[in-house]
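All values derive from a computational prediction rather than experimental measurement.
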Amino acid sequence: MDNFTIAEHFSLLSQLIDINGHDSFKAKNYASAAFTIEKLPVQLTEMGQADIFATRGIGAGTGKKIMELLETGELQTLKEYLNTTPSGVVEMLRIKGIGPKKIHIIWQEIGIETIGELLYACQENRLKLYKGFGEKTQQNITESIQFYQNNIGHFLYAQVLPIEPQVTNYLQQLFGAEQVHLTGSFLRHLETIECLEYVIPLPIATIKPKFNTAQPPQIEEETTEHIIYKLLNGLRLKIFFGQNNWQQKLFTLSCSTEFYNAFTTTYPNYQFTQTQNNFATAFTNNGLHVLPTYLREHATDLQKAAQPIPQLIQPNQIKGIIHSHSNWSDGGNTIEEMIIAAQQKGFEYLVISDHSKTASYANGLQEDRLKAQHQQIDELNNKYPNFKVFKSIESDILNDGNLDYTNSILSTFDVVIASIHSNLKMPQDKAMARLLTAIENPYTNILGHLTGRLLLSRNGYPINHKTIIDACAANNVVIELNAHPSRLDIDWRYIDYALQKNVLISINPDAHYITGFDDVQYGVYAAQKAWVTAANNLSSFGLTAFTNWVQQQQQKRKIN
Ligand SMILES: [Zn+2]
Ligand SMILES: [Zn+2]
């Protein structure tokens, strides 16, 4: 074991002590020992025990640990720390801009255990409330995490969306537009993207040299049919090459495996006469309506292609911003700024749903501040007569499934969105009991981000989607499709069942800044995969229809 490796052990030990908030004096000692060891002119392995203990900057405690390392190859104390500190927390050491002391706060005080959750907390403006975390730090952490995640090849659909045209254009310049065929998960609008996939029907011997410019992208994998390049921003580029049967390959890649199998089993003699329009003729030759690539997912999609494809929801069919946070809780804008922005973007109404009182980490609203906020909303509604702000709350669903205020307070809201924000690590029975109680509460109108998942970083708590959807149908509760590109929760794969049960979906941005209003588009793309039309979506209701819905919902409060 060389000095560098030994020093690394002590450095990590020092960091883990600080992360855990233990004896900072010890942490300092180990850090300075690491520094000393790295600078030693002689390898420790070549020094005798007496010399090691006599070395300046190495105390008795450190000396003993060095001997332990040299004799056993490991440090027991370090092992124990690594066992008791969540791996996601240790991984945070790789994020530039946060040291062990900040990680301690993030983990122990804010309760965040993975890098992905940390990124989302920054986007929700959550760190600002803690000592030592200003707006600037939050911004820096966001940037370093994105850099880190991209580098390991994880991208959200929303991140790839602006990059794809540049990559396609670049490839078209290298190989000619007619040779470059975009396909795969991006073309199917999947919520996370591992790589941008193309079919380029040219020999690999022709393809590779074209990249030989000053900075050729790094080759990560090469097989007999594809090659994977890693671009400078970390995104993977998967190119299927070769002229053999390339159209067939392209068609296969434009479908999910399930869909492709269903298609080839039902129509074994299918043919297409051209690749244009994503193989439109493969459908029309069999008397089917052409499914866009984002609807080639399930066998049931194929069955639906026997009928004309309905007009699926479009981004310009979102009429109101439902679920948004102002600076009354953890949002970044005033309600007035949000009104002006929403009007400019053509929305007809805004539902202000700040955090409820238990969400103290998000500056949730106590009863007295609620009253003041409602007064302000009344004044603003007078000031902007051509627009409407609805009084709402994103009420925490407490551990027992109750909402966060008394019924008399709850009755002051036009709309109550009920969401789970705490104790996310629940077994399914606990999560279900909590959600079902909230759904049955007559004050609950919309169920917010159903599973609490964060794409690429946190699985949601386990639930039985069908039972939840049945309960929403029985209690006339709308299910949010949270449009934040990291959430997209409810998962589009379960929406079909909700539509069968006549449950409304609501594509909501959960905006914490006015720029977040634009996120509704990602919700729309996910909804399209589930055949959602504007009529299925609450936020597509115009002001009159939405007002009627609010009034109808309030009947529930009276009956109970
Ligand atoms: Zn929430
Ligand atoms: Zn929210």
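- Looking only at distances, a side-chain donor or acceptor of N20 sits under 3.5 Å from a matching main-chain atom of L16.
- Under the 4.5 Å side-chain criterion, counting only non-hydrogen atoms from C-beta, F413 is in contact with Y405.
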T137 vs L127, side-chain contact (heavy atoms from CB on, under 4.5 Å): CA-CA, chis, key distance, verdict = CA-CA 9 Å; T137 316; L127 262 49; over 6 Å; no

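- Heavy-atom neighbours of Y494 OH from other residues, nucleotides or ligands within 6.0 Å: at or below the threshold of 12.
- Nearest heavy atoms, Q123 versus S486: OE1-OG, 4.2 Å.
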Check the pair N464 / Q428 against side-chain contact (heavy atoms from CB on, under 4.5 Å), numbers first and verdict last.
-> CA-CA 8 Å; N464 180 327; Q428 181 161 327; 3.7 Å; yes

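- If you look at H484 and H449, their ring centroids are not closer than 6.0 Å.
- Considering CD1 of I409 and NZ of K357, their distance stands at 7.5 Å, rounded to 0.5 Å.
- Side chain of Y198 to main chain of F241: no donor-acceptor pair is present (N/O by atom type, distance under 3.5 Å, no hydrogens or angles).
- Around atom NZ of K230, more than 12 heavy atoms belonging to other residues, nucleotides or ligands sit under 6.0 Å away.
- Nearest heavy atoms, T467 versus L436: O-CD2, 4.3 Å.
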Could you walk me through whether R493 and E191 pass the salt bridge (charged side-chain N to carboxylate O under 4.0 Å, His left out) test, one step at a time?
-> CA-CA 11 Å; R493 293 162 187 83; E191 53 273 62; 2.8 Å; yes

Please step through salt bridge (charged side-chain N to carboxylate O under 4.0 Å, His left out) for the pair E221 and R236, ending with a clear verdict.
-> CA-CA 10 Å; E221 189 180 298; R236 266 77 174 166; over 6 Å; no

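- One distance of note links CD1 of I115 with CD of Q149; it measures 7.0 Å at 0.5 Å rounding.
- With hydrogens and angles ignored, the 3.5 Å screen pairs no side-chain donor or acceptor of T444 with any backbone N or O of I439.
- Judged by distance alone, with hydrogens and angles left aside, the side-chain atoms of S324 form a donor-acceptor pair with the main-chain N or O of V351 at under 3.5 Å.
- If you check the side chains of N29 and T62, you find no donor sitting under 3.5 Å from an acceptor.
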Please step through side-chain contact (heavy atoms from CB on, under 4.5 Å) for the pair I420 and D396, ending with a clear verdict.
-> CA-CA 6 Å; I420 289 181; D396 268 31; over 6 Å; no

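- Here E113 pairs with K425 in a salt bridge; the nearest charged N to carboxylate O distance falls below 4.0 Å.
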Acceptor/donor pairs from residues 510-523 side chains to any protein atom, 3.5 angstrom cut, sequence neighbours excluded:
residue : atom : partner : partner atom : Å
D510    : OD1  : H323    : NE2          : 2.8
D510    : OD1  : H325    : NE2          : 3.0
D510    : OD2  : N482    : ND2          : 3.0
H512    : ND1  : D510    : O            : 3.0
H512    : NE2  : E124    : OE2          : 3.4
H512    : NE2  : D330    : OD1          : 3.4
H512    : NE2  : D330    : OD2          : 3.4
Y513    : OH   : N125    : OD1          : 3.1
Y513    : OH   : N125    : ND2          : 3.1
D518    : OD1  : K345    : NZ           : 3.0
D518    : OD2  : K345    : NZ           : 3.4
Q521    : OE1  : Y525    : OH           : 3.3
Q521    : NE2  : D518    : O            : 3.4

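- The closest side-chain donor-acceptor pair between D404 and S395, if any, does not fall under 3.5 angstrom.
- Side-chain contact annotation: T5 with D2, donor-acceptor N/O pair under 3.5 Å present.
- Of the candidates R458, R487, R126, Y120 forms a side chain to side chain donor-acceptor pair (under 3.5 Å) with just one, namely R487.
- The ring-ring contact (aromatic ring centres under 6.0 Å, His included) search around Y81 returns H22, not counting sequence neighbours.
- The cationic group of K102 lies under 6.0 Å from the six-membered ring centre of F133 and within 45° of the ring axis, placing it in a cation-pi geometry.
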May I have the step-by-step check of side chain to side chain donor-acceptor pair (under 3.5 Å) for T437 and D400, ending in yes or no?
-> CA-CA 8 Å; T437 306; D400 58 6; over 6 Å; no

Under the side-chain contact (heavy atoms from CB on, under 4.5 Å) rule, what do E480 and S419 come out as? Steps first, then yes or no, please.
-> CA-CA 10 Å; E480 170 176 272; S419 307; 5.5 Å; no

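- S353 places no side-chain N or O within donor-acceptor distance of the main-chain N or O of I393, the cut-off being under 3.5 Å.
- Within 6.0 Å of atom CD in E194, 12 or fewer heavy atoms from other residues, nucleotides or ligands are found, so the atom counts as exposed in its surroundings.
- Rounding to the nearest 0.5 Å gives a distance of 13.5 Å between NE2 of H104 and CD1 of I17.
- Of the possible polar contacts, one joining the N445 side chain to the V416 backbone as a donor-acceptor pair under 3.5 Å is found.
- Between E135 and Q139, the side chains place no donor N or O within less than 3.5 Å of an acceptor N or O (distance only, hydrogens not considered).
- Around NZ of K26, the count of heavy atoms belonging to other residues, nucleotides or ligands within 6.0 Å does not exceed 12.
- Side-chain atoms of S329 never come within 3.5 Å of backbone atoms of D354 as a donor-acceptor pair (strictly under, hydrogens ignored).
- For the side chain to side chain donor-acceptor pair (under 3.5 Å) with T451, the lone residue among N459, D491, D489 that qualifies is D489.
- In terms of modelled atom types and a separation under 3.5 Å, the side chain of S14 and the main chain of F10 share no donor-acceptor contact.
- Cation-pi geometry between K238 and F240 is not met at under 6.0 angstrom from the ring centre and within 45 degrees of the axis.
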Please assess E297 against W492 for the test side chain to side chain donor-acceptor pair (under 3.5 Å), listing each intermediate value before the final yes or no.
-> CA-CA 11 Å; E297 292 291 341; W492 58 267; over 6 Å; no

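- Using a 4.5 Å heavy-atom cutoff, the side chains of H298 and D496 are not in contact.
- With hydrogens and angles ignored, the 3.5 Å screen pairs no side-chain donor or acceptor of S24 with any backbone N or O of A27.
- A distance of 8.0 Å separates CG of L231 from OH of Y170, quoted to the nearest 0.5 Å.
- In this structure, the side chain of S506 does not engage the main chain of N508 through any donor-acceptor pair within 3.5 Å.
- Counting only N and O atoms by type, the side chains of Y157 and S185 include no donor and acceptor under 3.5 Å apart.
- No side-chain donor-acceptor contact under 3.5 Å links E80 and T84.
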